[in-house]
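For reference, the structure discussed in these notes is given below.
Below, all heavy atoms of this structure are taken into account, side chains as well, without hydrogens, waters or symmetry copies. Keep in mind that what you see is a predicted model, and the values were worked out from it rather than measured. In listed order, ligands and their atoms are each counted from 1.
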Amino acid sequence: MGSLRDCTWILGLADYRVTGVERGEDGRLMLEVERKGLHRFTCSGCGCRTGHVRDAKLRTWDDVPWAEHPVTLRYRLRRLWCRRCGIRTERVGFADSHARLTRRFRQRIGLDCQSMPTSHAAVRHAVSWGAARRAERTFLTAWDRTRPKHRPRHLGADEIQRGKGQRFWTVLSDLVRGEVIGLEKDRSEDSLRTLLTTRLDARQRAAVHAVCTEMHRPYVNVVAEVLPRAETVFDKFHVLQHASAALDDVRRQEFFRAGAVMRAHGRGKRWLLLRRWATVRGSKRRELETLFAANRRLFKAYVLREQLDRLWTYKTRRGVLDFLLGWIKALRWQRLPEMERLGEFLFRHVEGIAAYCDHRVRFGVVESINTTIKAVLRRARGMRDEAMLVLKLKWATARPLRSARDVARFLHPETVHSNR
Ligand SMILES: [Zn+2]
């Protein structure tokens with residue numbers, strides 16, 4: 001063992017020095033620490049300094065390990081006479097009040113919890129599950145409180161399904177940065193209204209230009225009510241899902257009506273038929289071609305679905321409307337009632353589809369946020385604590401760690417702040 005000065009250097013706490021080293025049981029290192037310059041102490045109530053010490057008590061904190069040895073800091077914690085607060089304990093620089101872990105140790109556990117289940121992080125750092133969860137909660141809350149408040153230009157309001165039942169949740173996200181803003185039970189008007197009014201302040205709401213939602217009446221109503229200046233843009237993937245559903249209806253009709261030839265070709269083709277032509281390759285393409293040769297109506301419906309992609313290629317709203325009218329017109333003598341219904345449906349929602357001309361919302365971000373949410377839920381093996389889940393989702397989608405400097409900022413023993 002080197003000198004105590006070396007130990008102080010290794011410990012690396014700015015205002016504290018090591019005054020004694022002991023070997024505890026099971027390889028634990030007990031470090032006596034003392035303040036450098038023992039003149040005045042900081043009151044934990046008001047933060048002012050005083051030299052009036054009433055008494056002192058030994059307290060311990062677990063700290064980050066030295067090589068294989070877990071470390072415990074032992075320090076004589078003073079109780080002070082403060083002029084403003086009365087009797088108070090002193091504030092220590094390396095830990096929060098009442099905490100049993102030093103701040104940097106807590107940060108390390110909290111950080112690990114973002115890439116592994118809490119139970120794994122607890123085992124890895126030899127703390128209880130409860131301690132790891134508390135560390136994680138403090139870590140995430142502190143991060144969320146100190147990060148800058150962005151003003152999102154494009155919002156996304158989407159529903160996700162959790163669990164096996166029909167339990168839906170509404171997710172509000174910032175589509176420009178690709179971050180989750182909040183999560184609320186249900187997919188009603190109330191849930192989105194709560195999200196928009198409590199998760200965003202008036203300045204943030206005023207900055208919103210467009211909200212990307214699916215064609216779900218309650219969402220559209222609330223956007224018009226809470227954000228009168230923002231426009232609703234319908235999510236491309238949801239529009240195309242409706243088109244695929246119509247195509248599937250055509251397939252089902254044809255399959256049941258047609259004779260043996262069609263049944264032989266059409267069996268087990270559902271997923272193939274729902275795929276986009278551009279993603280179908282080789283022998284699968286030939287399978288589709290045989291199917292289309294056997295049934296012209298199915299072919300027509302497939303082509304019509306493929307054409308809908310062009311709705312998002314126009315620069316003007318006029319162009320979108322003209323294209324849709326042309327598309328509906330082409331249906332006229334086809335005897336495809338499923339596609340006609342789809343045409344009417346699209347026509348009723350054309351305003352929100354054409355709004356994409358003015359607000360180039362990033363549709364892909366909506367999907368990628370959903371994927372991240374599912375990944376976080378799976379890693380947490382389901383999560384009952386909702387506030388915690390929202391914090392975890394915010395962290396996972398905001399990606400605050402992008403360089404070694406970011407990590408160092410989070411693991412610093414004294415201050416915790418984030419620039420993201
Ligand atoms: Zn005080």
Side-chain angles (χ1 to χ4, degrees), residues 4-5 7-22 29-64 70-111 113 125 127-128 130-149 198 201 385 387-388 391 395 400 408-419:
L4 291 177
R5 279 180 72 150
C7 290
T8 302
W9 177 76
I10 295 173
L11 187 65
L13 296 176
D15 295 330
Y16 298 83
R17 62 193 160 86
V18 178
T19 57
V21 180
E22 241 178 75
L29 206 57
M30 307 291 287
L31 298 178
E32 301 286 341
V33 294
E34 191 48 272
R35 279 252 327 254
K36 291 178 184 167
L38 271 175
H39 301 299
R40 321 196 82 190
F41 301 93
T42 314
C43 163
S44 64
C46 61
C48 68
R49 298 186 142 222
T50 173
H52 290 275
V53 177
R54 189 171 180 268
D55 54 10
K57 215 189 209 169
L58 266 187
R59 273 247 2 226
T60 57
W61 290 265
D62 284 351
D63 194 19
V64 290
V71 170
T72 301
L73 304 183
R74 205 188 279 147
Y75 174 69
R76 265 160 47 85
L77 191 70
R78 273 75 169 184
R79 280 206 297 172
L80 313 168
W81 269 113
C82 174
R83 257 190 286 168
R84 284 183 229 169
C85 321
I87 300 170
R88 280 293 178 121
T89 51
E90 79 172 292
R91 179 184 294 171
V92 287
F94 51 81
D96 290 346
S97 53
H98 304 300
R100 312 274 285 281
L101 309 175
T102 61
R103 202 173 287 127
R104 63 180 174 191
F105 193 32
R106 177 198 78 201
Q107 291 292 99
R108 189 170 291 201
I109 297 171
L111 203 57
C113 285
H125 294 285
V127 294
S128 68
R133 179 38 70 84
R134 274 195 301 281
E136 183 183 8
R137 186 189 307 278
T138 320
F139 165 77
L140 286 175
T141 314
W143 165 70
D144 192 42
R145 198 182 52 235
T146 55
R147 61 195 295 230
K149 270 199 167 182
T198 61
D201 59 29
D385 184 344
M388 191 70 191
L391 283 172
W395 176 276
R409 190 181 290 125
F410 278 106
L411 296 183
H412 195 266
E414 266 120 50
T415 49
V416 179
H417 66 277
S418 169
N419 54 350

Under the side chain to side chain contact (heavy atoms under 4.5 Å, CB included) test against Glu90, which residue among Leu77, Val53, Thr50, Thr42 passes? Leu77
Please find out if less than 6.0 Å separates the ring center of Tyr16 from that of Trp61. no
Quick one: angle Cys43 SG - the Zn ion (ligand 1) - Cys82 SG, to the nearest 10°? 110°
Angle at the Zn ion (ligand 1), SG of Cys85 to SG of Cys46, rounded to 10 degrees, please. 110°
Calculate, to the nearest 0.5 Å, the distance between atoms OG1 and CZ belonging to Thr138 and Arg133 respectively. 11.5 Å
To the nearest 0.5 Å, what is the distance between CZ on Arg40 and CG on Leu80? 11.0 Å
Is the distance from the Zn ion (ligand 1) to some N, O or S atom of Cys48 under 2.8 Å? no
